[in-house]
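Notes for the one structure printed next.
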Amino acid sequence: MVETLAGAFGTFSAEPIGQIGDFLWRIDLAACDNAVLISGYHQNEFQFSIAPTSETEESLSIVIPQSGGMGLTYGDCTAEAGRGKLLLYNNFEPDGVMMHGQSNVIDELLLNWSVIQQTVGQTLEVPLNGSLDLLPELELATPTGQMIGNLASTIMNGMRGNGPLMGSPIAMAHLTQALADLVVRHIPHRLSHLLDKKPCLIAPRHVHRAIEYMQANINQPITIAMVAEAAGVTSRTLQLGFRAFRETTPAAYLRTLRMQAVRRDLLDPDNNQAVRETCLKWGFFHFGRFSAAYKAIYGEKPSDTRRRVDRSQFSAFRMPRTS
């Protein structure tokens, strides 16, 4: 078990809880471009920890126990999933994990963290840097729990046993995006307050004009003074407008637009430009700094994004059942 999971998730160490005889286990694994499904059976209780490596994919993990339970530790804090309750967590964050109950059966969906980062950027118009600090426990009986639990189960069932979603990359992309949107909008996290921004405060016209000018010229070496002139205000007024209504600066907003444009091009299978050429096209002239910023936002290097698309738009594997 350790060897199997270490190959997929990084340095993996585990030990049983209490005295046991034979350790019986089984695991099925299925993966596609944005998600991995783990279905595990363990006859005995055990605990484990994972230390991500440079090859480990960062993910949002959604855990739905079918029998038994699963617990996480974060320093002095714990979070538990069991009957009627699921868990949500970033796989890079827990200090330890425990499997509870005899004949434990757990379904776990790992959603690529870049999907969450993109959803935060598009929904809240701010980049996600660092932890999202999601509330990890969710009652399945609540309206939010029903929505997220049902959609996660639908995706799991569509992947299980080489199911229909394994051959439908477009459907898979839409479903994982919908799941990410539900999580960002309905699970409390450190940026949730941005969802509750005063709806009566509509950004003034000069902010909209500035954004339109940026979008039309993001591949040009424009300056904030040029943006302010196009918007018909002073640079200071533009700065104040963006801080009040976009909670960022005009320069940071422009960088975000350009970063999104690069990301779209890198994910376009018909784009034959090299990564550096794509960066230059959208106004990034210092590739080292760009690469570091890109990884901070999307969780992977721009070259990794390009390689994934070059390999194929869709890949899947299913590990054989082991016991």
So, does [X] use its side chain to make a donor-acceptor pair with the main chain of [Y] at under 3.5 Å?
X      : Y      : answer
Asn157 : Ser153 : yes
Thr176 : Ala173 : yes
Ser235 : Ala228 : no
Ser61  : Tyr89  : no
Gln117 : Gly299 : yes
Ser291 : Gly288 : no
Glu137 : Glu80  : yes
Asn90  : Phe92  : yes
Ser131 : Asp133 : yes
His206 : Leu238 : no

Side-chain contact test, heavy atoms from C-beta onward, threshold under 4.5 Å: evaluate it for [X] versus [Y] and give yes or no.
X      : Y      : value
Phe242 : Thr249 : no
Pro65  : Ile106 : yes
His189 : Val120 : no
Glu139 : Lys85  : yes
Pro302 : Val275 : yes
Asp304 : Lys295 : no
Thr248 : Arg243 : no
Ile155 : Met172 : yes

What's the shortest heavy-atom distance between [X] and [Y], and which atoms?
X      : Y      : result
Leu109 : Met159 : CD1-SD, 4.0 Å
Leu140 : Gly149 : CD2-CA, 4.0 Å
Asn112 : Glu57  : ND2-OE1, 3.3 Å
Phe48  : Ala14  : CB-CB, 3.7 Å
Gln177 : Val115 : OE1-CG1, 4.2 Å
Ala293 : Met259 : CB-CE, 3.8 Å

Quick check: is [Y] connected to [X] through a chain of hydrophobic side chains (ILVMFWY, heavy atoms under 4.5 Å apart)?
X      : Y      : answer
Val262 : Leu257 : yes
Ile224 : Val233 : yes
Leu24  : Ile38  : no
Leu111 : Leu151 : yes
Met147 : Leu86  : yes

How long is the straight-line distance from [atom2] of [Y] back to [atom1] of [X], given to the nearest 0.5 Å?
X      : Y      : atom1 : atom2 : value
Asp265 : Asn272 : CG    : CG    : 11.0 Å
Leu138 : Ile148 : CG    : CD1   : 5.5 Å
Met98  : Asn104 : CE    : CG    : 12.0 Å
Leu132 : Thr119 : CG    : OG1   : 10.5 Å
Leu267 : Ser114 : CG    : OG    : 8.0 Å
Ile222 : Met214 : CD1   : CE    : 6.5 Å

_Please determine whether side chain to side chain contact (heavy atoms under 4.5 Å, CB included) holds for the pair Glu108 and Ile62, giving the CA-CA distance in whole Å, both sets of side-chain angles, and the decisive distance to 0.1 Å._
CA-CA 6 Å; Glu108 186 167 1; Ile62 300 177; over 6 Å; no
*Would you call Glu212 and Arg205 a salt bridge, using N to O less than 4.0 angstrom?*
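Answer for the salt bridge query: no.
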*Can you name the one residue among Arg289, Glu300, Arg263 that meets side-chain hydrogen bond (donor to acceptor under 3.5 Å, both in side chains) with Tyr294?*
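The passing option is Arg263.
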*Step by step, would you call Glu277 with Lys281 a side chain to side chain contact (heavy atoms under 4.5 Å, CB included)?*
CA-CA 6 Å; Glu277 292 174 349; Lys281 170 186 174 182; over 6 Å; no
_Partner residues of Asp181 under the salt bridge (Lys or Arg N to Asp or Glu O under 4.0 Å) criterion, sequence neighbours left out_ =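 Arg185.
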With a cut-off of 6.0 Å (strictly less than), are more than 12 heavy atoms of other residues, nucleotides or ligands near [atom1] of [X]?
X      : atom1 : answer
Arg190 : CZ    : yes
Arg276 : CZ    : no
Glu58  : CD    : yes

*Hey, would you say the Phe23 and Phe46 ring centroids sit under 6.0 Å apart?*
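Centroid separation for Phe23 and Phe46: below 6.0 Å.
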_Apply side chain to side chain contact (heavy atoms under 4.5 Å, CB included) to residues Val36 and Leu29 and explain how you reach the verdict._
CA-CA 7 Å; Val36 175; Leu29 224 130; 3.7 Å; yes
*Take Val63 and Leu72, measure what side chain to side chain contact (heavy atoms under 4.5 Å, CB included) needs, and give me the verdict at the end.*
CA-CA 11 Å; Val63 178; Leu72 308 175; over 6 Å; no
*Among Asn91, Leu134, Leu110, find the one that has a side chain to side chain contact (heavy atoms under 4.5 Å, CB included) with Leu60.*
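The option that passes is Leu134.
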